[in-house]
Amino acid sequence: MQMNENFFDHLVIGSGLAGLSSALALAEKSSGKIAVVTKGAVDDCNSKLAQGGIACVMDHADTFEEHITDTINAGGHLCDPEAVKAIVEAGPERIKWLMDIGTKFTTRGDLGDKLPRHKDELDLGREGGHLKRRVIHAGDITGAEIERALVEACRKNPKIQIFEHHIAVDLITTSRLGWEGEDMCLGAYVLDSATGKVITFSAYTTSIATGGCGKVYLCTCNADIACGGGVAMAYRANAKIANMEFYQFHPTLLYHPQVKNFLISEALRGEGGTLKMQYKKGEYSTFMENYHPLKSLAPRDVVARAIDTELKRTGQVCAYLDMTHKSEEFLRKRFPHIFKQCEVLGINMAKQPIPVVPGAHFSCGGVLCGVDGTTEIRGFYAVGENACTGLHGANRLASNSLLEGIVMPKLAAGHIEKCLPELKEKRPLKAIPEWTTGNATNSDELIVISHNWDEIRRFMWDYVGIVRTDKRLERAKRRIRNIQAEIEKYYWDFHITSDLVELRNIATVAELIIDSAASRKESRGLHFNADYPERNPDLDRVNTVIQKNTPGAILVPQK
Ligand code: SIN
């Protein structure tokens, strides 16, 4: 072992719901030490911002079959039915586990239901594409409540050590090191932001749980950390990356000059909220009836595209979500966080419609893996949003992501428990070389980083957003190529910083989205190309797969 090497049995990269659940699931199954590395504070994550909740069959009037059907219907003929079944059916046990570690979900009693038999029952919300009420929630701060409970449980667990402000730079694989034999993940190079040093974390298993990549787009409700680090590192390690063209835009981010990135949960539409446009000043009119029979509760791809179409057609700057059919008392109780945020801005949502616009929200693509997170690289697992299991297909059903984020870690820990003896046996005994950076002098041109970053986010929004065309994708490709070339130069010529690591990751993910979108000559779910506005049934259940050592995206039928 080299001086600069930290050895753990298991390394988890990312500390949102999937990362911390992974650490806890591993701690239950293994006696070994677990490191969680995370680039900000432990709770700087996307999961914390989740408002809606976790879709799960918890009501006797609901069935697994119905949840599976709703998921597959939303998924545009691209879901893997076996993955959907495995994740949906594992849900109830994981909800119980979350409650056992102290998560407090909203009950009907909390919302004023006085019937003794209802008092302790979980309240079930509804969101777009769900034909039943099945969204378990903690008011409208579900993610924050779950994250709180997970952080507490991890902090109490002596097997888990959390490294805050440590950003993973690259995975360490035997093939990267030029070592012979089957490709195996040995850990990761990690930048300690406080010291500026890159440390080697070595481990028998490495799980990435870095969440999404909303920061690749100009308008997003994602947290600042959402830069696609896991997918970018996995791509550089030659893992297979699938379906990156299916990027989900949430239809309703708050539109207000003083507030960026604030989500207005779909759960509001689940309570009867209606989308409207102001075609004439002071007059609000519905429009979703022209787009889908489920109107404002249509699947998210349909709603986001409908709003985008209306905005472009009329030149308006925003749509509106009307909740005025509900009393202020109900809204304050059911959506306290959203109510307060609107109120601060002078919007009383019980009395006036909320201005909204679509924004980048969720990546349905990611590292191609099984529901247990397994990839083709031994010892390397992907869990949560940076994974592509086949659950979401071409369009994620609302609140299925937190479900996936709590189910996958348990399945992955089960797989790891079984394979650990073999991983130990096969691990090469050689020392891992230290990270080396080019000439390691400080750049005096840091402006280049922020300029490149802004440029990527803007052209991704304009050319690779809700509506794409071949020409727009070609333009985006030309631009990303130039930026990639600059970044490679900076990476090796200048001292490594977390900003540079994030920029490199965002650029990689942007290129993966562009290439995947360009290779899919059809429109399906979240991928809409105006040059091919129809779905091509020959591409049903066909994934777009990209791998670094096999240039270009290829279309691969699911097994
Ligand atoms: C929301 O609350 O609208 C977001 C839920 C989700 O994206 O699953």
Side-chain angles (χ1 to χ4, degrees), residues 16-18 45-56 67 70-71 74-75 87-88 91 95 105-106 123-130 132-147 211-214 217 219-223 226 246-255 261-275 294 296-304 307 319 321 323 331 334-339 341-342 349 354 356-364 384-385 391-393 395-407 525-526:
L17 169 135
C45 59
N46 247 352
S47 309
K48 191 174 150 187
L49 302 183
Q51 295 177 350
I54 307 183
C56 189
H67 187 180
D70 288 351
T71 301
I87 291 173
V88 162
I95 296 288
F105 292 116
T106 301
D123 182 61
L124 300 175
R126 196 176 158 202
E127 293 179 35
H130 289 276
K132 284 274 165 70
R133 282 187 168 268
R134 63 168 73 95
V135 180
I136 288 115
H137 62 96
D140 55 357
I141 52 157
T142 309
E145 169 56 13
I146 299 173
E147 183 71 10
C213 55
Y217 286 106
C219 302
T220 179
C221 51
N222 279 192
F246 298 108
Y247 195 90
Q248 187 169 73
F249 293 83
H250 195 290
T252 59
L253 269 56
L254 180 63
Y255 177 76
N261 310 350
F262 188 82
L263 185 68
I264 302 293
S265 174
E266 198 159 290
L268 275 77
R269 281 177 278 138
E271 295 298 340
T274 312
L275 285 164
L294 285 172
S296 295
L297 261 190
R300 221 170 256 184
D301 56 332
V302 177
V303 182
I307 295 177
L321 180 61
M323 292 302 294
L331 292 171
R334 175 65 181 86
F335 303 110
H337 179 57
I338 298 172
F339 197 98
Q341 174 66 81
C342 289
M349 64 195 245
I354 309 165
V356 290
V357 281
H361 185 55
F362 188 88
S363 174
C364 293
E385 186 172 344
L391 171 69
H392 308 308
N395 177 40
R396 176 181 66 103
L397 184 68
S399 287
N400 266 356
S401 42
L402 295 191
L403 175 68
E404 189 180 47
I406 51 169
V407 168
L526 300 159

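The structure displayed is predicted, hence computed values, not measured ones. The analysis underlying the following values was restricted to heavy atoms, covering all of them including side chains, and did not include hydrogens, waters or symmetry mates. Each ligand, and each atom within it, is numbered from 1 in the order the structure gives.
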How far is atom 4 (C) of ligand 1 from the closest protein heavy atom, and which atom is that? Arg300 NH2, 3.6 Å

Indicate yes or no: does Glu127 engage Arg269 in a salt bridge with an N to O separation below 4.0 Å. no

Can you check whether Leu263 reaches His250 side chain to side chain, under 4.5 Å on heavy atoms? yes

For Glu266, the ligand 1 atoms whose distance to one of its heavy atoms is below 4.0 Å: 1 (C), 2 (O), 3 (O)

With heavy-atom distances below 4.0 Å as the criterion, list the atoms of ligand 1 near His361. 4 (C), 6 (C), 7 (O)

Is there a polar contact between ligand 1 and Ser265, counting only N or O atoms under 3.5 Å apart? yes

Before signing off on this row, confirm whether Ala267 and ligand 1 have an N or O atom pair separated by under 3.5 Å. no

If you measure every N or O of Asn400 against every N or O of ligand 1, does any of those distances drop under 3.5 Å? no

With no hydrogens and no angle check, just 3.5 Å: does a side-chain donor-acceptor pair link Thr71 and Asn400? yes

Going by heavy atoms in the side chains, are Ile307 and Val357 under 4.5 Å from each other? no

Charged N to carboxylate O below 4.0 Å: is that the case for Arg134 and Asp70? yes

Around atom OH of Tyr255, are there more than 12 heavy atoms from other residues, nucleotides or ligands closer than 6.0 Å? no

Which ligand 1 atoms does Glu127 reach within 4.0 Å, using its non-hydrogen atoms? 5 (C)

Please say whether Gln248 places an N or O atom under 3.5 Å from an N or O atom belonging to ligand 1. no

Of all the heavy atoms in His250, does at least one lie under 4.0 Å from an atom in ligand 1? yes

For the pair Glu271 and Phe335, evaluate side-chain contact (heavy atoms from CB on, under 4.5 Å) and give the outcome as yes or no after the intermediate values. CA-CA 11 Å; Glu271 295 298 340; Phe335 303 110; 3.8 Å; yes

Using a 4.0 Å cutoff against the non-hydrogen atoms of Arg396, which atoms of ligand 1 qualify? 6 (C), 7 (O), 8 (O)

Does any donor atom in the side chain of Asn395 or Gln248 lie under 3.5 Å from an acceptor atom in the other side chain? yes

re atom 8 (O) of ligand 1, the protein heavy-atom contact at minimum distance is Ser399 N, 2.6 Å

List every atom of ligand 1 that sits less than 4.0 Å from any heavy atom of Ala398, numbering the atoms from 1 in the order shown and giving each element. 8 (O)

At under 4.0 Å between heavy atoms, is it the side chain or the backbone of His137 that contacts ligand 1, or both, or neither? neither

For His137 and Asp123, which I'm curious about, is there any donor-acceptor pair between the side chains at under 3.5 Å? yes

